[in-house]
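So the structure is just underneath, and the comments pick up after that.
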Amino acid sequence: MIPEPYPVDGAGLGLRRSFLGALAERPPGDIDFYEIAPENWIGMGGVNARRLRALTERHPFVCHGLSLSIGAPTPLDLHFVRQVKAFLDDHGICAYTEHLSYCSDDGHLYDLLPIPFTEEAVHHVAGRVRQVQEILQRRIALENVSYYGAPGQAMSEIDFIKAVLAEADCDLLLDVNNIHVNAVNHGYDARAFLTALPGERIRYGHIAGHYVEAEDLRVDTHGADVIDPVWELLDLAYTRFGVFPTLLERDFNIPPLETLVREVDRIKQIQQAHAGQSSRCAANA
Amino acid sequence: MPEQDDFNQADFIYRQRAFASHLRDPTTFPGPDDVEDRRMAIYRDLVVNNVSALLAGNFPVIRQILPDLHWDGLIRDFFARHRAKTPLFLELGQEFLDFLQGARANDPRDPPFLLELAHYEWVELALQISDAEPDCRLASIRPAICSRIARWSRHFPGISAMASRSIASARTANRMHPRPSRPIWWSIARPATTSPSSRSTP
């Protein structure tokens with residue numbers, strides 16, 4: 001099956017309020033698309049809402065959600081899912097992505113918690129993804145999240161991810177920094193993990209920096225420059241799966257915009273080095 | 001309801017609830033026995049630091065007025081005793097207000113003006129993100145503001161002047177919690193900058 005082209009292409013940057021004004025005045029030509037979390041913008045009015053609207057009218061955007069809590073032990077917040085749909089439709093944003101994680105019990109905890117890697121959890125998550133895709137009237141991409149512990153683990157992380165994607169019939173947001181962080185934290189080979197992923201489901205990617213807590217413990221802070229082993233993973237991903245649109249995530253210790261643009265440029269250079277390959281091909285060969 | 005029964009029976013559901021309960025109140029609920037405590041410490045810190053940073057952005061004067069330990073205790077109590085229903089970050093301030101008015105109401109540990117000051121700061125934020133025209137805004141908000149400020153000022157006559165200066169300095173100083181966090185959740189209510197420092201043990 002040849003998938004439809006993803007709504008964005010090239011290399012993108014997570015939109016931050018600190019440079020919203022600068023972007024509105026003079027958007028750098030090197031940024032192909034932007035990403036926002038609908039949870040930061042739903043209900044927003046005033047000057048920032050107008051600035052965002054001006055940007056979404058002029059540039060391609062992806063939404064990357066934070067509060068869907070797809071794996072939660074409580075029912076889906078369907079009102080929120082409908083709010084997300086309205087937001088996507090209002091801004092003409094086609095792509096919605098989220099985390100293969102949960103962030104709530106009877107209330108929100110506002111951080112990404114690890115879904116136990118079990119078969120029952122696969123069925124639970126997949127059912128909810130199908131329901132969300134039906135309401136949103138589009139496929140969604142789930143991100144392979146970083147995790148620091150695996151409570152109740154009955155299957156490997158790679159098997160859990162593959163099982164959810166297959167049963168839900170959804171896409172994968174490939175985060176190469178998370179693969180590196182998880183490989184260090186859980187003692188596996190990052191390259192082997194990456195190449196075992198279902199390439200035909202990879203539609204979009206993230207790259208970011210992290211915090212070194214200890215030699216064997218990394219924290220996914222999105223607060224540092226991307227390190228070379230992670231750049232190498234991105235290169236391997238393009239080699240193995242073809243080029244896919246990729247976003248630089250920087251949420252913390254945010255440097256000036258021109259510094260971020262340079263990191264986005266590096267994504268583009270790696271993409272251009274693979275320009276001869278067909279992008280987003282089914283690559284199980 | 002059948003769906004809720006299914007939730008109650010599954011082992012992974014039990015583990016998720018237990019995991020979250022521990023993060024909400026680590027002194028009362030133990031962590032999972034199959035995860036190293038130094039890894040749970042990362043989760044404990046991330047959860048508290050994220051919300052601490054968000055709420056400090058929404059309530060910068062409260063953050064500046066309260067000593068670090070008191071603020072930290074307030075955030076931990078927020079997690080332990082309040083169940084935030086909103087998935088939207090613009091509404092997190094309202095959740096904090098609900099907590100101060102509910103579970104934390106009249107807590108003897110807190111300054112007597114805390115709730116009124118929180119209302120004042122919440123109104124500021126509401127005005128910033130409102131689409132309402134200025135005259136309509138004042139007509140609907142002014143009575144609430146005046147009432148709150150009057151009650152708040154009575155508690156501590158000098159606080160309103162101090163708070164005005166703090167609000168101005170908080171906007172420029174933007175002091176945040178010093179521990180690194182993973183602020184993938186970030187407040188758009190206040191500009192947020194911070195410096196990295198070594199993660200301290202709780």
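Proteins get letters first, then strands, A, B, ... in listed order; numbering begins at 1 in each.
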Task: Heavy-atom side-chain contact between A:Asp106 and B:Arg17 under 4.5 Å - done: yes
Open item on the list: Quick check for you: among A:Gly46, A:Ala154, A:Ala150, which has the greatest number of heavy-atom pairs under 4.5 Å with chain B?
Closed with: A:Gly46
- [ ] Could you grab the distance from atom CE of A:Met44 to atom CG of B:Leu88, nearest 0.5 Å is fine?
- [x] 11.0 Å
Open item on the list: Given heavy-atom pairs under 4.5 angstrom as the criterion, report whether the side chain, backbone, both or neither of A:Ala49 touches chain B.
Closed with: neither
Task: Pair A:Phe117 + B:Phe12: ring centers closer than 6.0 Å - done: no
TODO: Using a strict 4.0 Å threshold on nitrogen-to-oxygen distance, state whether A:Asp77 and B:Lys85 make a salt bridge.
DONE: no
Open item on the list: With rounding to the nearest 0.5 angstrom, report the CD to CZ distance, A:Gln153 to B:Arg15.
Closed with: 11.0 Å
TODO: Return the minimal non-hydrogen interatomic distance between A:Tyr102 and B:Ala20, and the atom names on each side.
DONE: OH-N, 4.5 Å
TODO: Flag the pair A:Tyr147 / B:Tyr43 as yes when at least one side-chain heavy-atom distance between them is below 4.5 Å, and no otherwise.
DONE: yes
Task: Residues B:Arg44 and A:Asp111 bridged, charged N to O under 4.0 Å - done: no
Task: Shortest non-hydrogen contact from A:Glu39 toward B:Pro87 - done: CG-O, 3.2 Å
Open item on the list: For the CG atom of B:Leu90 and the CD1 atom of A:Ile42, what is their distance to the nearest 0.5 Å?
Closed with: 9.5 Å
Task: Gap separating the CG atom of A:Asp105 from the CZ atom of B:Phe19, nearest 0.5 angstrom - done: 11.5 Å
TODO: For residues A:Tyr110 and B:Thr86, report the shortest heavy-atom separation together with the two atoms involved.
DONE: OH-O, 2.8 Å
Open item on the list: In the structure I gave you, are the side-chain heavy atoms of A:Tyr148 and B:Val35 within less than 4.5 Å of one another anywhere?
Closed with: no
TODO: Please step through side-chain contact (heavy atoms from CB on, under 4.5 Å) for the pair B:Leu23 and A:Leu109, ending with a clear verdict.
DONE: CA-CA 9 Å; B:Leu23 295 182; A:Leu109 289 100; 4.2 Å; yes
Open item on the list: With a 4.5 Å cut-off on side-chain heavy atoms, are A:Ile115 and B:Gln16 touching?
Closed with: yes
TODO: Take atom CG of B:Asn106 as the centre, draw a 6.0 Å sphere, and report whether it contains more than 12 heavy atoms from other residues, nucleotides or ligands.
DONE: no
Task: B:Asn49 side, atom CG; A:Thr221 side, atom OG1 - distance, nearest 0.5 Å - done: 12.0 Å
Task: Toward chain A, the part of B:Val47 with a non-hydrogen atom under 4.5 Å - done: both
- [ ] Quick one: which of A:Ser69, A:Pro151, A:Gly149 has the most heavy-atom pairs under 4.5 Å with chain B, could you say?
- [x] A:Pro151
Open item on the list: I need the residue from B:Leu92, B:Asp34, B:Asp33 with the largest number of non-hydrogen atom pairs under 4.5 Å to chain A.
Closed with: B:Asp34
TODO: Could you tell me whether the side chain of B:Arg39 and the main chain of A:Asn185 form a donor-acceptor pair under 3.5 Å?
DONE: yes
Open item on the list: Counting only heavy atoms not in A:Glu57 (residues, nucleotides, ligands), do more than 12 fall under 6.0 Å from its CD?
Closed with: yes
TODO: Could you grab the distance from atom OG1 of A:Thr74 to atom CZ of B:Arg83, nearest 0.5 Å is fine?
DONE: 11.5 Å
Open item on the list: Heavy-atom pairs under 4.5 Å with chain A - which of B:Met40, B:Arg24, B:Glu95, B:Glu36 has more of them than the others?
Closed with: B:Arg24
